[in-house]
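Read the numbers this way: they start at 1 and go in the same order the structure lists the ligands and their atoms. These numbers come from the heavy atoms of this one structure, side chains and all, not from hydrogens, waters or symmetry mates. Note that this is a predicted model, so its numbers are computed, not measured.
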Amino acid sequence: MDVFEAVSTRRAIKKFDPNHKMSSDDIKRLMEHVILSPTSYNQQNWRFVYVTDQEIKEKISEAARGQAQPKDSSLVVVLCGDMTAWKTNPVRYWKHHPPEKQELVKASLERKYSKDTQAQRDEAIRSCGMAAQTIMLAARDMGLDSCPMVGFDYDKLANVINLPEDHLIVMMVVVGKRTADAPKRGGQLPLNEVAFENSF
Ligand SMILES: Cc1cc2nc3c(=O)[nH]c(=O)nc-3n(C[C@H](O)[C@H](O)[C@H](O)COP(=O)(O)O)c2cc1C
């Protein structure tokens with residue numbers, strides 16, 4: 001599917017076929033493309049919990065205040081940030097490059113994040129946002145649909161996925177086969193209200 005078509009046909013779908021399954025090859029293909037999404041310094045500070053187990057999907061629906069999308073979808077991806085990524089053997093983020101480059105990145109990461117937990121959180125949110133859009137567009141190419149979600153009880157979801165310390169749940173994206181179209185778009189703001197050429 002053409003990228004512009006994927007962008008314009010992606011909608012937040014609410015009703016999914018609970019009997020539709022994604023093959024493990026399709027899930028692998030999806031996730032292998034998701035990790036090609038960009039991250040600052042290529043620090044790959046995202047961690048994905050991809051849920052296929054029906055019982056766990058049902059627990060996620062409960063944590064999502066009864067919303068049906070997780071339990072009816074074929075796949076739930078919980079996108080989390082690892083706030084320690086900047087210091088966890090960071091030379092591996094540039095393993096295909098010379099040691100000088102690796103050391104440069106390591107020093108930059110240390111400078112930017114070591115004393116700034118807000119920066120660690122912000123970066124996790126940016127990285128997961130990029131990855132979420134990749135999931136949703138790739139799903140369209142696979143003939144599937146998606147719904148991004150933050151309507152959940154954080155602590156309950158953290159408990160369901162066994163969230164490690166120093167990790168942050170950013171959002172989840174469910175993927176599946178739609179059984180009902182989205183209602184018509186809420187209505188986009190005019191382009192000239194939100195986009196400015198060269199400066200505000
Ligand atoms: C960060 C984020 C969180 C969202 N959380 C939910 C949610 O919990 N449940 C839901 O049904 N839709 C959720 N949505 C979907 C939005 O309501 C939807 O994207 C928006 O209304 C625009 O519609 P569209 O995606 O079909 O263009 C969320 C979207 C985003 C980007």
Residue that, paired with Gln43, satisfies side-chain hydrogen bond (donor to acceptor under 3.5 Å, both in side chains) out of Trp86, Tyr113, Tyr93:
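The passing option is Tyr113.
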
Step by step, would you call Leu75 with Val51 a side-chain contact (heavy atoms from CB on, under 4.5 Å)?
CA-CA 6 Å; Leu75 179 72; Val51 180; over 6 Å; no

Which residue in the set Val77, Ile161, Val49, Ile60 passes side-chain contact (heavy atoms from CB on, under 4.5 Å) when paired with Met172?
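Of the listed residues Val77, Ile161, Val49, Ile60, the side-chain contact (heavy atoms from CB on, under 4.5 Å) partner of Met172 is Ile60.
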
Side chains of Asp166 and Thr84, donor plus acceptor under 3.5 Å
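Per modelled atom types, Asp166 and Thr84 side chains form no pair under 3.5 Å.
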
With a 4.0 angstrom cut-off on heavy atoms, strictly below it, pick out the residues next to ligand 1 and order them by chain and number.
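These residues qualify: Arg10, Arg11, Ala12, Lys14, Gln67, Gln69, Cys147, Pro148, Met149, Val150, Gly151, Arg185.
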
Taking salt bridge (charged side-chain N to carboxylate O under 4.0 Å, His left out) as the test, write out the residues that go with Glu197, two or more places apart.
none

side-chain hydrogen bond (donor to acceptor under 3.5 Å, both in side chains), that's the test. Do Gln120 and Asp116 meet it? Break it down for me.
CA-CA 7 Å; Gln120 295 164 18; Asp116 192 346; over 6 Å; no

